[in-house]
Every structure is written in structure tokens, then in C-alpha cells.
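Heads up: the structure comes next, in C-alpha cells.
Treat the numbers as computed from the prediction; the structure is a model and nothing was measured.
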Number of protein chains: 2
Amino acid sequence: MAEHSHDHAASGHDHAHDHGHDHDHTHDHGSAPAKLTRNQTLVFGALSRAGGPLTAYTILDQLRDDGFRAPLQVYRALEKLVEFGMVHRLESLNAFVACSHPQCVDHETMAFAICESCGSVSEFADAAITRQLKGWAGDNGFALAKTTIELRGTCRTCQAAV
Amino acid sequence: MAEHSHDHAASGHDHAHDHGHDHDHTHDHGSAPAKLTRNQTLVFGALSRAGGPLTAYTILDQLRDDGFRAPLQVYRALEKLVEFGMVHRLESLNAFVACSHPQCVDHETMAFAICESCGSVSEFADAAITRQLKGWAGDNGFALAKTTIELRGTCRTCQAAV
DNA sequence: TCAAGGTTGTAATGTTATAACAAGAATTGC
DNA sequence: GCAATTCTTGTTATAACATTACAACCTTGA
Ligand SMILES: [Zn+2]
Ligand SMILES: [Zn+2]
Ligand SMILES: [Zn+2]
Ligand SMILES: [Zn+2]
């Protein structure tokens, strides 16, 4: 799987955690709570450090020393983090990535470009696409809950490195 | 997902595929061959009959009587059918669906609306979205290989049936 | 204090997908 | 016809991803 890449992707956001062990960041992402639980903090820390997508089992392995023993500990934390808008699930990768969108206003309609060579992920929003999809939904009486937009291909860096 | 029996996460819509059982369809889908192998025919038949998405294991169960014994028999056929442009993989469902687009010209950039209530899937193409995504790729030096666009929500029928 | 609700730990299990290898069928070239 | 090649198949085993179920433990707030 793709647990590589310290590439770009997840940088530039202000989550700026110091995952020592303290949990008092104060952000405002979607319905994010004032305070994360210990497990949520650890999982989010792992994803932030990685700067790219990780599978649940990779996260589990990275958190063994912090006392993690079972997949469910990771999946439960991920579920909440996604709910809070701090993490995205990448369906085509069965992996998770920390949100890197500056203000991630429309957390349910972000798009992701995934490099199949280096595994890096770029998160972006495109108003025209969102508008178009909502338009289709409206025209077809479809009550849209969430959209998945994932591009697969080769990033600029990897193409240059031929 | 539901259990590993015969449940078909789908139904609800009637694609009225003509692929009843006969296998001399003369598709022009992508790089489809003149003739499918026995296993490919059986798998495609199962998907066509279903008229909606099926998981590989559900297909396996449906083809026990035809001699199928192992997942790989299904996965291998699916791999080819996707390659031929006759089947799509739905990433957010880990399932597969027969292509229902009239001419499915741009097989790699179709969009799917998946009803979370009844499991029905509508396949559609939207030139504006495709253009927009290709535009982003061009602007960012990303060599686009394939896009995944999946909408989750509730279809018109299910909303009416409240 | 006590109940209610959320979080955690753990084991067991369920679900989706691939690796590895052997054997069979179709295709090609001679 | 008869290899050589290539594609397809059958089968076993295993890897990778995800959830159910249950008991224990906190926290919050009557
Ligand atoms: Zn985001
Ligand atoms: Zn790359
Ligand atoms: Zn199609
Ligand atoms: Zn529906």
C-alpha cells in the first residue's frame, strides 16, 4: 500500500499540533470539539506527521508504543476525526489523510489528486465542479449527502523524474 | 456491508439490459473483444441481471452452481471486464456494476450517484465536470489516468417514500 | 449517590483482495 | 501435426481492511 511520501499534500494547515501528549488545541473545523480524546489526538498526530495517506493498520503499527493494540482503537478515532472534519477518507486507497485545505469550508465535496507513483495526495476544492454536481443532484431529485472525487495519475514531480 | 450471502445491495432501477443470458453481444465498449471467456460471460451476466452493484463475493455466491469456487475466479473476470469498459468499480462501495451508459465514450470519467437507502446507482457523464478536472490536472502538471466521482445520498424514489 | 452516556480495551469475526503455483486451453510459427 | 508461447483457469493459502459484541471505565449532571 501507499504509506510513503513525506511529500506536499498535508502541509500548510494550521493544526500545528504538538503531539507531545497535551490536548488543548482550539480549532473550529466543522463540528470539531474543543478537545480531542487521547486516542483521537494520537491518531491525528500520526496522520499529521505522515503528511500523506495512511491506512488504519499502518496507524495502528505506529501507535503500538502508545498502547494501541487493536484496529478498533484506530477506526473509532478516525470515525470521529472524519466527523469533525479534520481527516478525510480516501475511498480509492482505503486510507485516511489529515485535512490540508486552508479553511475546508465544504468538507464533503473536496477533491483529491493521488499520485500512483509516489503516493502523494493533493487536496483541492473546485467551485465549478461542486456547482455542477449539485446541479445534477437538483435536476434528478437526488438528495446529496457527500461526494467522492479522486483523481489517479502521476504528479508533476514524478513525471519530471523519468 | 451486508452479509456474504445473496443480498444484492441494489435493485430499484430497471436498466433493462438485454443481456439475458446470451453471449453474443457485439459491444463496442472501449477495447472490448469480440468474445468473452466463459467466466467473463458468467460474471457479466450476473451483474447485468442484478441491474445494480454487486460485490465480488456476492457474484461468487451466485455463480456457485456454475462451478465457481474461489474469489479469484471472480476478480480475474472483473479485472478484464473493467478493462474492456463493460463494468465499473464503485470505490466507495467496494462493488462492481455493469456499465449502463449508452455509449460510455469516456469510460474513465463517469460519475455515479448511489442511493444509500435502496442501493440503486445512476451512471452519468458531465462534460463540464470532466473539463474542469482535466483543467485542474493541466494547471497542476498532473497526468490524469482515471477519475472517481461518486455521489452518496438519497434518490428521488426513496425520498418520496418517507 | 446514582444513572446516563460516552470512551476505552479486547477478542473474535466478518469482508474484501491478492500471492503463488500447477494445469489446461487457445494461438502462433514451423 | 507439433512444439513454443501465451492466455486462461483452478486451487490453496494468506494478506489487508473493517465491524460486532461485550465488559469496564470515565465523566457529567441530576
Ligand atoms: Zn479537507
Ligand atoms: Zn508523484
Ligand atoms: Zn459506463
Ligand atoms: Zn433510493
Side-chain angles (χ1 to χ4, degrees), chain A residues 1-4 21 23-24 31-44 46-47 53-84 87-97 119 148 150, chain B residues 1-9 23 31-44 46-47 53-84 87-97 119 148:
Chain A
M1 198 54 351
E3 66 231 35
H4 14 189
H21 261 136
H23 5 126
D24 53 1
S31 50
K35 181 170 174 319
L36 299 178
T37 68
R38 169 180 156 83
N39 285 4
Q40 288 159 12
T41 302
L42 287 167
V43 168
F44 187 69
L47 281 173
L54 296 179
T55 70
Y57 278 77
T58 302
I59 295 171
L60 174 57
D61 284 342
Q62 293 187 4
L63 296 179
R64 296 267 180 210
D65 293 344
D66 295 294
F68 274 50
R69 309 251 74 100
L72 208 48
Q73 296 177 283
V74 178
Y75 281 109
R76 287 203 274 229
L78 286 170
E79 181 182 25
K80 289 296 185 185
L81 291 169
V82 168
E83 196 180 310
F84 300 155
V87 165
H88 296 279
R89 176 185 169 88
L90 299 175
E91 300 288 352
S92 69
L93 233 40
N94 292 329
F96 300 82
V97 66
T148 297
E150 298 178 14
Chain B
M1 174 137 308
E3 61 229 274
H4 154 283
S5 43
H6 39 282
D7 127 85
H8 66 324
H23 25 107
S31 50
K35 184 171 175 319
L36 299 179
T37 68
R38 169 180 156 83
N39 285 4
Q40 288 159 11
T41 303
L42 286 167
V43 169
F44 187 68
L47 281 172
L54 297 178
T55 69
Y57 280 78
T58 302
I59 295 172
L60 174 58
D61 284 343
Q62 294 188 3
L63 296 180
R64 296 268 179 211
D65 293 344
D66 294 294
F68 274 51
R69 301 257 148 274
L72 211 48
Q73 296 176 280
V74 178
Y75 281 109
R76 288 203 272 229
L78 286 170
E79 182 182 23
K80 288 299 184 182
L81 291 169
V82 168
E83 197 180 310
F84 300 155
V87 166
H88 297 279
R89 175 185 169 86
L90 299 175
E91 300 288 353
S92 69
L93 234 39
N94 292 327
F96 300 82
V97 67
T148 297

Review point. Taking only side-chain nitrogens and oxygens of A:Asn39, does any of them come within less than 4.0 Å of OP1 or OP2 of C:dG9?
Key: yes
Review point. Checking only heavy atoms, does the side chain of A:Arg76 share a donor-acceptor pair with the base of C:dG6 at less than 3.5 Å?
Key: no
Review point. For A:Lys80 and A:Arg69, take the nucleotide of DNA chain C holding the closest heavy atom to each; which residue's nucleotide lies nearer the 5' end?
Key: A:Lys80
Check your understanding: So how far off straight is the helix from C:dT1-D:dA30 to C:dC30-D:dG1, going by the axes through five pairs at either end, to 10°?
Key -> 30°
Check your understanding: Stacking check: are the rings of A:Tyr57 and D:dC17 less than 5.5 Å apart at their centres and under 30 degrees in tilt?
Key -> yes
Revision key, fill the gap. A:Glu91 and A:Arg89 have their tightest heavy-atom pair at OE1-NE, 3.1 Å
Exercise for review: Taking only the side-chain nitrogens and oxygens of A:Gln73, find out if one of them lies under 4.0 Å from OP1 or OP2 of C:dG9.
Suggested key: yes
Point to revise | Distance-only side-chain donor-acceptor flag, A:Glu150 / A:Ser92, under 3.5 Å | key: yes
Review point. Can you name the closest pair of heavy atoms from B:Ala56 and B:Val74 and give their distance?
Key: O-CG1, 3.6 Å
Check your understanding: Can any side-chain N or O of B:Thr41 pair as donor or acceptor with the backbone N or O of B:Thr37 at less than 3.5 Å?
Key -> yes
Review point. Roughly, in whole Å, what's the span from CZ in B:Arg38 to C1' in C:dA26?
Key: 17 Å
Practice item. Could you pull out the closest heavy-atom pair between A:Leu60 and A:Pro71, with the gap in Å? Key: CD2-N, 3.8 Å
Review point. Between A:Tyr75 (OH) and C:dT13 (P), how many Å, whole number?
Key: 19 Å
**Study point:** For atom CG of B:Leu54 and atom P of C:dT16, their distance in whole Å
**Key:** 11 Å
**Study point:** Atom pair distance, as rounded to whole Å: CG in B:Leu60 and C1' in D:dT11
**Key:** 13 Å
Check your understanding: For C:dA17, does either OP1 or OP2 sit under 4.0 Å from a side-chain N or O belonging to B:Asn94?
Key -> yes
Point to revise | Distance in angstrom units between A:Leu78 CG and C:dT7 P, rounded | key: 15 Å
**Study point:** Proximal nucleotide (of C:dT7, C:dA17, D:dT12) relative to the B:Ala70 side chain
**Key:** D:dT12
Study note, to complete from the structure: Of the candidates C:dA20, D:dA21, D:dA18, the side chain of B:Leu72 sits closest to C:dA20
Practice item. Write down the distance between CD (A:Gln40) and P (C:dG6), rounded to a whole number of angstrom. Key: 13 Å
**Study point:** Closest heavy-atom pair and its distance - B:Arg69, B:Arg64
**Key:** O-NH1, 3.5 Å
Check your understanding: Taking atom P of D:dT9 as reference, at what distance in whole Å does atom CG of B:Leu36 sit?
Key -> 10 Å
Check your understanding: Given the rule in the side chain to side chain contact (heavy atoms under 4.5 Å, CB included) test, do A:Leu47 and A:Phe96 qualify, once you have shown the distances and angles that lead to the verdict?
Key -> CA-CA 8 Å; A:Leu47 281 173; A:Phe96 300 82; 4.3 Å; yes
Check your understanding: Could you give the CG-to-P distance, from A:Asp61 to D:dC17, as a whole number of Å?
Key -> 11 Å
Check your understanding: Taking it one step at a time, do A:Val43 and A:Phe68 satisfy side chain to side chain contact (heavy atoms under 4.5 Å, CB included)?
Key -> CA-CA 10 Å; A:Val43 168; A:Phe68 274 50; 3.9 Å; yes
Check your understanding: Mapping B:Thr37 and B:Pro71 onto DNA chain D by nearest heavy atom, which one lands closer to the 5' end?
Key -> B:Thr37
Check your understanding: Which listed nucleotide (C:dT16, D:dC17, C:dA17) is nearest to the side chain of B:Arg89?
Key -> C:dA17
